[in-house]
Amino acid sequence: MEEAKETPQNDTVQQQQQQSSGGKKRKKQKEVAIFGNYRNYYTYRIDQGLEEDPRIKVMRKEWFEGKNCLDIGCNSGLITITIAKKFGCEKILGIDIDSARVQDAYWNLRRIVKMSEKKKDQTVDKSKDKTGWVENSGDSPDSYLFDRVSFQKDNIVLDWSIPGNEVYDTILCLSVTKWIHLNWGDEGLITLFSKVWRLLKPGGVFILEPQPWKSYVSNRQVSEVASTNYKNLEIFPDQFQDILLDKIGFREIENLSSSLSGSKSGFNRPILALWK
């Protein structure tokens with residue numbers, strides 16, 4: 001299959017809004033992320049009071065424990081890191097089109113490990129008896145995550161070349177399809193699905209969270225490319241399941257959750273699990 005043609009890959013674009021009166025202060029810049037690469041994506045989507053992304057609740061440990069995993073469109077890496085820590089991946093690679101988000105992901109990884117070390121130190125201090133003997137050193141710090149979690153800048157539609165024998169047990173693609181669809185059209189979407197299929201081991205699981213059509217409508221003017229592609233799309237989100245089963249070749253599909261709580265304005269989307 002011929003892959004989608006390349007279009008410019010700028011990092012997050014800042015659109016400046018100005019007031020007409022020159023003497024007044026300018027309004028804050030409005031972030032326009034043409035690839036969905038918002039800097040504060042998780043803060044925007046998840047209620048502040050929640051301890052973790054609500055989508056984690058529908059994930060199953062057997063999909064990740066001791067497995068080699070890939071997270072497509074990882075943004076700042078919070079879901080990638082949480083899955084590695086909670087479910088015990090052997091390895092998990094997060095890729096994102098934006099180098100700034102990849103830097104954020106590594107920053108979050110270091111922050112989470114450092115926090116675990118601080119928590120351990122506090123536990124050790126509390127567990128010392130009068131002689132200074134440590135009865136219980138508490139949980140081990142999360143430094144093992146440095147060996148299991150990695151991130152890299154990549155574009156799976158245009159740049160991702162499947163290395164020799166590298167395949168994955170589990171591949172995640174959460175709230176990414178709309179941005180691929182708007183930037184590279186129907187061809188880009190099919191390229192994504194085809195590459196995921198080839199990257200999965202037999203029996204592997206593909207976890208997909210597609211955005212609904214109304215979300216496309218809201219973002220169709222994010223760029224000229226998106227606006228043009230939007231008008232020419234012939235594949236719609238309600239057709240994804242049939243395409244993945246009948247054309248790509250997945251053998252089984254399960255809708256994990258059609259409604260998730262703890263969302264400010266999104267994440268109430270179906271999450272699909274598909275088996276190769």
Engineer: For Glu234, does its backbone N or O pair with a side-chain atom of Asp186 as donor and acceptor, under 3.5 Å?
Structural biologist: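 Flag set: sc Asp186 to bb Glu234 pair under 3.5 Å.
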Engineer: So which heavy atom on Ile92 is nearest to which on Ala84, and how close?
Structural biologist: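 Shortest heavy-atom separation between Ile92 and Ala84 comes out as CG2-CB, 3.8 Å.
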Engineer: Between the side chain of Asn255 and the main-chain N/O of Pro270, is any donor-acceptor distance below 3.5 Å?
Structural biologist: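 No, because the side chain of Asn255 does not come within donor-acceptor range (under 3.5 Å) of the backbone of Pro270.
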Engineer: Would you mind reporting whether Met59 and Leu172 have side-chain heavy atoms less than 4.5 Å apart?
Structural biologist: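 Heavy-atom side-chain distance check passes, below 4.5 Å.
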Engineer: Calculate, to the nearest 0.5 Å, the distance between atoms CG and CZ belonging to Leu245 and Phe240 respectively.
Structural biologist: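 If we round to the nearest 0.5 Å, Leu245:CG and Phe240:CZ are 13.5 Å apart.
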Engineer: Compute the ring centroids of Tyr216 and Phe236, then answer whether they are less than 6.0 Å apart.
Structural biologist: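 Here the rings of Phe236 and Tyr216 have centres that are no less than 6.0 Å from each other.
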Engineer: To the nearest 0.5 Å, tell me how far Asp104 CG sits from Asp96 CG.
Structural biologist: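 The CG atom of Asp96 is 9.5 Å from CG of Asp104, to the nearest 0.5 Å.
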Engineer: Between the main-chain N or O of Cys69 and the side-chain N or O of Asp169, is there a donor-acceptor pair closer than 3.5 Å?
Structural biologist: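 Not a single qualifying donor-acceptor pair exists.
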Engineer: Please answer whether the main-chain N or O of Val167 pairs with a side-chain N or O of Asn68 as donor and acceptor at a distance below 3.5 Å.
Structural biologist: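 Checking the backbone N and O of Val167 against the side chain of Asn68, a donor-acceptor pair under 3.5 Å is found.
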Engineer: Is the Trp213 to Tyr230 ring centre distance short of 6.0 Å?
Structural biologist: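 Ring centres of Tyr230 and Trp213 closer than 6.0 Å.
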Engineer: Using 0.5 Å steps for rounding, measure from the CD1 atom of Ile253 to the CG atom of Leu272.
Structural biologist: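 The CD1 atom of Ile253 sits 4.5 Å away from the CG atom of Leu272.
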Engineer: Give the minimum heavy-atom separation between Gly203 and Arg251, together with the two atoms involved.
Structural biologist: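 So the two residues come closest at CA-NH2, 4.2 Å.
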Engineer: Please name the pair of heavy atoms, one in Phe151 and one in Val102, separated by the smallest distance, quoted to 0.1 Å.
Structural biologist: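 For Phe151 versus Val102, the nearest heavy atoms are CB-CG1, 3.9 Å.
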Engineer: According to a hydrophobic-cluster definition based on side-chain heavy atoms being under 4.5 Å apart (Ile, Leu, Val, Met, Phe, Trp, Tyr only), do Trp107 and Ile79 belong together?
Structural biologist: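 Trp107 does not cluster with Ile79.
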Engineer: Just verifying a value: how many Å separate Cys89 SG and Arg148 CZ, rounded to the nearest 0.5 Å?
Structural biologist: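 It comes to 8.5 Å.
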Engineer: What's the verdict on side chain to side chain contact (heavy atoms under 4.5 Å, CB included) for Val113 and Phe146, showing C-alpha distance, side-chain angles and the deciding distance?
Structural biologist: CA-CA 8 Å; Val113 171; Phe146 288 136; 3.7 Å; yes
Engineer: In Å and rounded to the nearest 0.5 Å, what is the CD to OG distance from Gln211 to Ser218?
Structural biologist: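 With rounding to 0.5 Å, CD (Gln211) is 11.0 Å from OG (Ser218).
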Engineer: Is there side-chain contact between Asp142 and Ile81, with heavy atoms separated by less than 4.5 Å?
Structural biologist: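 Of all side-chain heavy-atom pairs linking Ile81 with Asp142, none is under 4.5 Å.
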Engineer: Please check if the side chain of Asp159 supplies one atom and the backbone of Asp154 the other of a donor-acceptor pair under 3.5 Å.
Structural biologist: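 Judged by distance alone, no pair lies under 3.5 Å.
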Engineer: Restricting to non-hydrogen atoms, name the atom on Val205 and the atom on Ala273 that form the minimum distance, rounded to 0.1 Å.
Structural biologist: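 Closest approach of Val205 to Ala273: CG2-CB, 4.0 Å.
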Engineer: Got Val196 and Leu208 here, is their nearest side-chain heavy-atom distance under 4.5 Å?
Structural biologist: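 No - every pair of side-chain heavy atoms lies 4.5 Å or more apart.
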Engineer: Please check this pair: side chain of Lys276 against backbone of Trp197, looking for a donor-acceptor N/O pair closer than 3.5 Å.
Structural biologist: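 Answer holds: yes.
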Engineer: Just checking Glu224: does its CD atom have more than 12 heavy atoms from other residues, nucleotides or ligands closer to it than 6.0 angstrom?
Structural biologist: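 Atom CD in Glu224 is not packed in, count stays at 12 or less.
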Engineer: When you look at Ile243 and Leu189, which way does the side chain to side chain contact (heavy atoms under 4.5 Å, CB included) test go after all the steps?
Structural biologist: CA-CA 11 Å; Ile243 290 172; Leu189 182 76; 5.5 Å; no
Engineer: Where the side chain of Glu65 meets the backbone of Phe87, is there a donor-acceptor pair that is under 3.5 Å apart?
Structural biologist: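 No.
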Engineer: Check whether any side-chain heavy atom of Trp184 lies under 4.5 Å from a side-chain heavy atom of Leu192, and answer yes or no.
Structural biologist: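 The answer is no; the side chains never approach within 4.5 Å.
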Engineer: Verify side chain to side chain contact (heavy atoms under 4.5 Å, CB included) between Val149 and Lys85, making sure each step is shown before the conclusion.
Structural biologist: CA-CA 9 Å; Val149 182; Lys85 183 175 179 180; over 6 Å; no
Engineer: Might you point out which heavy atoms bring Leu174 and Arg55 nearest each other, and give the distance in Å?
Structural biologist: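 Residues Leu174 and Arg55, closest heavy atoms: CB-NH1, 3.6 Å.
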Engineer: Just so I know, are the side chains of Ile83 and Thr170 near enough to count as touching, which here means a heavy-atom distance under 4.5 Å?
Structural biologist: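 They are not in side-chain contact.
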Engineer: Would you name the heavy atoms of Arg269 and Pro212 that are closest together and state the gap between them?
Structural biologist: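 Looks like NE-CD, 3.9 Å.
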Engineer: Hey, are the side chains of Ile235 and His181 touching, using non-hydrogen atoms and a 4.5 Å cut-off?
Structural biologist: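 A side-chain contact under 4.5 Å exists here.
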Engineer: Quick one: does Ser194's side chain get under 4.5 Å of Ile248's, heavy atoms only?
Structural biologist: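 Result yes, sub-4.5 Å side-chain heavy-atom pair found.
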Engineer: From Ile97 CD1 over to Cys74 SG, what is the distance, rounded to the nearest 0.5 angstrom?
Structural biologist: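 The distance works out to 11.5 Å.
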Engineer: Are the side chains of Phe250 and Phe193 in touch, meaning some heavy atoms are under 4.5 Å apart?
Structural biologist: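 Answer no - side chains too far apart.
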Engineer: Would you indicate whether Lys114, at its atom NZ, is surrounded by more than 12 heavy atoms from other residues, nucleotides or ligands within a distance under 6.0 Å?
Structural biologist: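 No, NZ of Lys114 has 12 or fewer neighbouring heavy atoms, counting only those of other groups under 6.0 Å.
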Engineer: Evaluate the criterion side chain to side chain contact (heavy atoms under 4.5 Å, CB included) for residue pair Ile72 and Ile171; output intermediate values, then yes/no.
Structural biologist: CA-CA 7 Å; Ile72 300 170; Ile171 297 179; 3.7 Å; yes
Engineer: Please check: side-chain N/O of Asn155 versus main-chain N/O of Val157, any donor-acceptor pairing under 3.5 Å?
Structural biologist: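 Flag set: sc Asn155 to bb Val157 pair under 3.5 Å.
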Engineer: Could Lys91 and Glu166 be called an ion pair, given the rule that one side-chain N must be under 4.0 Å from one carboxylate O?
Structural biologist: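 Looking at Lys91 and Glu166, the cut-off is not met.
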Engineer: Just by modelled atom types, is the Val217 backbone N or O under 3.5 Å from a matching donor or acceptor in the Arg220 side chain?
Structural biologist: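 Indeed, once roles are kept as given, a pair shorter than 3.5 Å links the two residues.
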